[in-house]
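Note sheet for the following structure.
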Amino acid sequence: MSEKQRKSFTAQFKAKVALEAIRGEKTLNEIGREFGIHPNLVGQWKREVQEHAAGLFEAKRGPKPADPLADPEKL
């Protein structure tokens with residue numbers, strides 16, 4: 001018997017599918033059919049995005065880097 005290899009999806013593809021699911025305009029089944037993946041994956045990726053979305057805003061932002069083209073006298 002030959003074993004099936006698992007498909008690997010890029011982060012960009014997963015994000016696209018998850019955002020489509022978050023919009024809520026289509027069901028998970030419809031999205032899965034459209035992208036050729038199982039609806040369970042759609043739901044899993046949607047949950048991952050929702051759980052980790054807050055982390056995008058938690059990072060402390062430092063000062064903006066100085067513009068190398070700016071006039072030193074203005075600084």
Side-chain angles (χ1 to χ4, degrees):
M1 272 179 152
S2 64
E3 293 184 33
K4 290 185 179 180
Q5 285 188 329
R6 289 182 176 222
K7 291 182 183 179
S8 61
F9 301 100
T10 64
Q12 185 177 12
F13 178 78
K14 291 177 182 181
K16 181 178 179 179
V17 172
L19 290 174
E20 184 74 27
I22 290 170
R23 281 191 200 108
E25 296 173 358
K26 300 176 185 175
T27 66
L28 299 182
N29 285 332
E30 291 172 335
I31 295 169
R33 203 173 316 118
E34 179 181 335
F35 290 100
I37 58 175
H38 198 279
N40 287 349
L41 268 180
V42 177
Q44 180 182 346
W45 294 344
K46 177 183 174 182
R47 275 190 305 278
E48 284 185 42
V49 168
Q50 289 174 328
E51 289 172 1
H52 295 97
L56 295 172
F57 302 104
E58 289 178 356
K60 300 271 184 184
R61 294 184 184 218
K64 291 184 180 179
D67 185 7
L69 302 176
D71 185 13
E73 292 178 4
K74 290 183 180 179
L75 296 176

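The basis for the numbers below is simple: all heavy atoms, side chains too, and nothing from hydrogens, waters or symmetry mates.
- Among residue pairs with one or both ends in residues 14-44, those qualifying as ring pair (Phe, Tyr, Trp, His ring centres under 6.0 Å) are F13-F35; sequence neighbours excluded.
- Applying the side chain to side chain donor-acceptor pair (under 3.5 Å) criterion to K26, with sequence neighbours excluded, gives E34.
- Annotation for I31 and A21: closest pair CD1-CA, 3.5 Å, computed over non-hydrogen atoms.
- For residues 7-23, the pairs satisfying side chain to side chain donor-acceptor pair (under 3.5 Å) are E20-R23, with sequence neighbours left out.
- Contacts classified as salt bridge (charged side-chain N to carboxylate O under 4.0 Å, His left out) and involving residues 40-56 (residues at least two apart or in different chains) are not found.
- Annotation: side chain to side chain donor-acceptor pair (under 3.5 Å) contacts of R6 (sequence neighbours excluded): none.
- The side-chain contact (heavy atoms from CB on, under 4.5 Å) test applied to L41 returns F9, I37, Q44, W45, not counting sequence neighbours.
- For the residue pair L28 and G43, the shortest heavy atom distance occurs at CD1-CA, 4.0 Å.
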